[in-house]
**Student:** 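After the structure tokens below, expect a handful of questions from me.
Quick caveat: nothing in here was measured; it's all calculated off a predicted structure. When a residue number appears, it is its place in the shown sequence, counting from 1.
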Amino acid sequence: ALSRTSHVDPEAGAAASASIRTSIKSLRSLLVEIYPPNLHDEGLESAIGDLLSGLPSRGITTHLDAEVGDVVIDPDAVGLLYRTVQEAIRNVVTHSRATAVNVTLRVVDDEATVSVDDNGTGCTLEEIDQRSAEGHVGLRALSGLLADSGGRLEVLSAKSTGTRVLATVPIRMGVRA
């Protein structure tokens, strides 16, 4: 738009260009965070391992227990399972003061289940609702996405007992029991 004006201020043009470049970098980072390139190339277990890899530097030990076998999980279901782990880990880092996180991934019959358990401070349903009212809508949005897919999300937590985030989705998204 600046170039279409008769008087282009070089400083304004440079500032606009820098702002656009920064926005593009941020958008690319966000897209990779939402849907990492290795998710389908290397598999869900590897992508979850990547999510967990940054936690030890924060003083959080991790364990991943994945038993998927050679079952093919629908790409949309893989994305939902990944986003569940991503959101749960984000909450662990931001809110829980946990020192350990365990992720379990299983496929039983026609459903895939992922659970993220931490040993943090835990929270009450009222605290979850309060965070949601303050604009922290990650779990609520995730719950809606899972429900739309025929899946479900459970958050089990209490003060001083840690938190379990459990998501279940059909492994074939177009097929519902």
Side-chain angles (χ1 to χ4, degrees), residues 27-55 60-96 98 100-120 122-129 131-133 135-158 161-177:
L27 180 59
R28 285 185 181 140
S29 295
L30 181 61
L31 289 173
V32 167
E33 184 178 313
I34 291 171
Y35 205 86
N38 71 336
L39 185 56
H40 292 293
D41 295 338
E42 296 178 25
L44 182 57
E45 185 175 349
S46 177
I48 291 172
D50 287 348
L51 286 173
L52 295 173
S53 68
L55 296 181
I60 303 170
T61 61
T62 65
H63 179 74
L64 172 58
D65 180 14
E67 289 184 23
V68 177
D70 44 355
V71 173
V72 177
I73 302 173
D74 182 274
D76 290 335
V78 168
L80 286 170
L81 294 166
Y82 176 84
R83 290 191 58 199
T84 299
V85 175
Q86 182 182 46
E87 181 61 26
I89 289 173
R90 184 177 295 124
N91 287 335
V92 165
V93 169
T94 305
H95 305 293
S96 80
V101 172
N102 296 309
V103 177
T104 305
L105 175 64
R106 296 281 186 271
V107 173
V108 177
D109 298 325
D110 290 332
E111 291 185 322
T113 301
V114 66
S115 69
V116 181
D117 297 282
D118 72 62
N119 68 346
C123 59
T124 64
L125 289 175
E126 291 80 21
E127 289 173 318
I128 293 172
D129 289 341
R131 287 182 187 141
S132 183
H136 300 270
V137 295
L139 287 174
R140 182 162 286 156
L142 186 59
S143 180
L145 289 171
L146 286 161
D148 289 347
S149 75
R152 59 193 173 280
L153 179 72
E154 294 178 63
V155 179
L156 309 168
S157 187
T161 63
T163 301
R164 168 176 277 183
V165 175
L166 178 68
T168 304
V169 295
I171 61 172
R172 286 178 286 285
M173 299 294 278
V175 178
R176 293 194 181 166

**Student:** So if I apply the side chain to side chain contact (heavy atoms under 4.5 Å, CB included) rule between Leu52 and each of Thr62, Val116, Thr61, which one comes out positive?
**Tutor:**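 It is Thr62; the other options fail the test.
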
**Student:** Is a side-chain N or O of Ser46 found less than 3.5 angstrom from the main chain of Gly43, in a donor-acceptor match?
**Tutor:** no

**Student:** Decide side chain to side chain contact (heavy atoms under 4.5 Å, CB included) for Glu87 and Val165; before the verdict, give the C-alpha distance in whole Å, the side-chain angles of both, and the deciding distance to 0.1 Å.
**Tutor:** CA-CA 9 Å; Glu87 181 61 26; Val165 175; over 6 Å; no

**Student:** Of all heavy-atom pairs between Ala158 and Thr161, which one has the smallest distance, and what is that distance?
**Tutor:** O-OG1, 2.9 Å

**Student:** Salt-bridge test for Glu111 and Arg152: reply yes if a basic N is under 4.0 Å from a carboxylate O, no otherwise.
**Tutor:** yes

**Student:** Before giving the answer on side chain to side chain contact (heavy atoms under 4.5 Å, CB included), spell out for Thr163 and Asn91 the whole-Å C-alpha distance, their side-chain angles and the decisive distance to 0.1 Å.
**Tutor:** CA-CA 10 Å; Thr163 301; Asn91 287 335; over 6 Å; no

**Student:** Taking everything shown except Arg164 itself, do over 12 heavy atoms lie less than 6.0 Å from its CZ?
**Tutor:** no

**Student:** Is any side-chain heavy atom of Tyr82 closer than 4.5 Å to a side-chain heavy atom of Val114?
**Tutor:**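 No. Closest side-chain heavy atoms not under 4.5 Å.
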
**Student:** Show your reasoning for whether side chain to side chain contact (heavy atoms under 4.5 Å, CB included) applies to Thr168 and Glu154.
**Tutor:** CA-CA 9 Å; Thr168 304; Glu154 294 178 63; 5.7 Å; no

**Student:** Please report the interatomic distance CD(Gln86) to CG(Leu142), rounded to the nearest 0.5 Å.
**Tutor:**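 The distance works out to 9.5 Å.
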
**Student:** Indicate yes or no: at least one non-hydrogen side-chain atom of Asn102 is less than 4.5 angstrom from one of Asp65.
**Tutor:** no

**Student:** If you take all heavy atoms of Val103 and Val85, which pair is closest and at what distance?
**Tutor:**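 Closest heavy-atom pair between Val103 and Val85: CG1-CG2, 4.2 Å.
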
**Student:** side-chain contact (heavy atoms from CB on, under 4.5 Å) with Leu145: which residues, sequence neighbours excluded?
**Tutor:**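 For Leu145, the residues satisfying side-chain contact (heavy atoms from CB on, under 4.5 Å) (neighbours in sequence not counted) are Leu80, Arg83.
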
**Student:** With a 4.5 Å heavy-atom cut-off, do Ile73 and Val68 have their side chains touching?
**Tutor:** yes

**Student:** Do Asp74 and Ile171 make a side-chain contact, defined as non-hydrogen atoms from C-beta onward lying under 4.5 Å apart?
**Tutor:**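 SC-SC contact between Asp74 and Ile171 ruled out.
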
**Student:** Between Ser53 (side chain only) and Asp50 (backbone N and O only), is there a donor and an acceptor less than 3.5 Å apart?
**Tutor:** yes

**Student:** Shortest non-hydrogen contact from Asp118 to Gly120?
**Tutor:** OD1-N, 2.7 Å

**Student:** Which pair of non-hydrogen atoms, one from Glu45 and one from Leu64, has the smallest distance, and what is that distance?
**Tutor:**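 Result for this residue pair: O-CD2, 3.6 Å.
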
**Student:** Which heavy-atom pair separates Ser157 from Cys123 by the least distance, and what is that distance?
**Tutor:**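 For Ser157 versus Cys123, the nearest heavy atoms are OG-N, 2.8 Å.
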
**Student:** The test is side chain to side chain contact (heavy atoms under 4.5 Å, CB included); show your working for Val108 and Thr113 and say whether it passes.
**Tutor:** CA-CA 8 Å; Val108 177; Thr113 301; over 6 Å; no

**Student:** Could you check if a side-chain atom of Asp110 sits within less than 4.5 angstrom of a side-chain atom of Pro170, using non-hydrogen atoms only?
**Tutor:**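 Heavy-atom side-chain distance check fails, nothing below 4.5 Å.
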
**Student:** Please give me the minimum heavy-atom distance between Leu81 and Ala167, naming the atom from each residue.
**Tutor:** CD2-O, 4.3 Å

